[in-house]
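For reference, the structure is listed below as structure tokens.
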Amino acid sequence: QIQLVESGGGLVQPGGSVRPSCTASGSIFRINNMRWFRQAPGKQRELVAIITSDDSTNYVDSVKGRFTISRDNAKNTVYLQMNSLKPEDTAIYYCNADGKITRWRAFDSWGQGTQVTVSS
């Protein structure tokens, strides 16, 4: 079983920055894609950013130029640097990762979420 644990959320003023992280643990053979999703109250969960195993990245339009996803493969950790935050970025941020437990067995796991609140 692969576990993902997020940390680093919190209360931030508009225009501020925060950098949540997410670390995977367990019997991991390989991690392929790592993603950040978010879900605001009353809204559907949306994909915010993705980073592939070769470090290709992609972002939802609303965060391009403000958010940066990165990963540290040695630590099985993904980060989301969030700058120029806006109140509409307020949400629970979830990480997701897929990969292999063994050469033949895949996994697709989610973290428990970390709250990011942007407010003055």
Side-chain angles (χ1 to χ4, degrees):
Q1 182 178 0
I2 306 303
Q3 289 188 319
L4 301 182
V5 178
E6 297 110 334
S7 63
L11 175 63
V12 188
Q13 290 189 341
S17 299
V18 68
R19 189 195 191 211
S21 62
C22 171
T23 298
S25 63
S27 182
I28 299 171
F29 177 70
R30 182 178 71 240
I31 299 177
N32 292 330
N33 305 301
M34 304 185 85
R35 305 172 184 86
W36 285 97
F37 289 77
R38 67 185 177 185
Q39 188 164 19
K43 294 188 176 181
Q44 288 189 330
R45 189 173 297 190
E46 69 169 347
L47 176 61
V48 176
I50 181 172
I51 184 166
T52 66
S53 57
D54 62 357
D55 287 338
S56 295
T57 59
N58 206 354
Y59 302 88
V60 67
D61 286 346
S62 59
V63 308
K64 285 181 179 177
R66 300 188 299 121
F67 291 10
T68 302
I69 188 171
S70 61
R71 63 194 284 175
D72 183 335
N73 293 326
K75 297 180 179 178
N76 290 332
T77 298
V78 62
Y79 305 92
L80 186 66
Q81 178 68 47
M82 304 166 62
N83 299 329
S84 302
L85 283 162
K86 306 174 181 180
E88 51 264 43
D89 294 317
T90 296
I92 300 175
Y93 284 74
Y94 298 91
C95 70
N96 164 262
D98 65 77
K100 296 285 191 178
I101 297 173
T102 67
R103 187 169 297 179
W104 303 275
R105 184 180 173 192
F107 75 88
D108 189 325
S109 297
W110 290 83
Q112 81 287 354
T114 185
Q115 177 71 47
V116 174
T117 302
V118 184
S119 174
S120 55

Those residues that, when tested against Q3, pass side-chain contact (heavy atoms from CB on, under 4.5 Å) (two or more places apart): S25
Inter-residue atom distance N58.CG - T52.OG1, 0.5 Å rounding: 10.0 Å
Short side-chain to backbone donor-acceptor contact, S109 and L4, under 3.5 Å: no
Q39, M82, E6 screened by side chain to side chain contact (heavy atoms under 4.5 Å, CB included) with Y93, the one that passes: M82
Joint cluster assignment, V12 & F67, ILVMFWY side-chain distance < 4.5 Å: yes
Salt bridge (charged side-chain N to carboxylate O under 4.0 Å, His left out) contacts in which one or both residues fall within residues 11-38, not counting sequence neighbours: R35-D98, R38-E46, R38-D89
Heavy-atom pair of closest approach, residues S119 and P14: C-CD, 3.6 Å
Listed partners of F107 passing ring pair (Phe, Tyr, Trp, His ring centres under 6.0 Å), at least two apart: none
Pairwise distance OG1(T90) to CD(Q115) - rounded to 0.5 angstrom: 7.0 Å
Same apolar cluster (I L V M F W Y, side chains within < 4.5 Å links), Y79/V60: no
Smallest separation among heavy atoms of A49 and L80, with atom names: CB-CD1, 4.2 Å
Distance in Å, W36 CH2 paired with L47 CG, rounded so as to fall on 0.5 Å steps: 12.5 Å
Atom CD of E88: over 12 foreign heavy atoms under 6.0 Å: yes
Pair F37-I50, side-chain contact (heavy atoms from CB on, under 4.5 Å): steps then yes or no: CA-CA 9 Å; F37 289 77; I50 181 172; over 6 Å; no
Spacing of I31 atom CD1 and N73 atom CG [to the nearest 0.5 Å]: 7.5 Å
Side-chain donor or acceptor of T77 paired with backbone N/O of T23 under 3.5 Å: no
Approximate separation, where rounding is to 0.5 Å, of R66 CZ and Q81 CD: 12.0 Å
Pairs satisfying salt bridge (charged side-chain N to carboxylate O under 4.0 Å, His left out), at least one member in residues 68-78, at least two apart: none
Non-hydrogen atoms of P20 and T114 that approach each other most closely: CB-CG2, 4.1 Å
Pairs where residues 84-120 contributes a residue and the test disulfide bond (SG atoms under 2.5 Å apart) is met, not counting sequence neighbours: C22-C95
Members besides F29 in its Ile/Leu/Val/Met/Phe/Trp/Tyr cluster (side-chain heavy atoms under 4.5 Å): none
Short side-chain donor-acceptor distance under 3.5 Å, S21 and S7: yes
Check: Y59 side chain, I69 main-chain N or O, donor-acceptor pair, under 3.5 Å: yes
Parallel, tilted or perpendicular: rings of W110 and Y94 (30°, 60°): perpendicular
N83 versus S17, closest heavy-atom pair with distance: OD1-OG, 2.9 Å
Gap between atom CG of N32 and atom CE of M34 - 0.5 Å precision: 10.5 Å
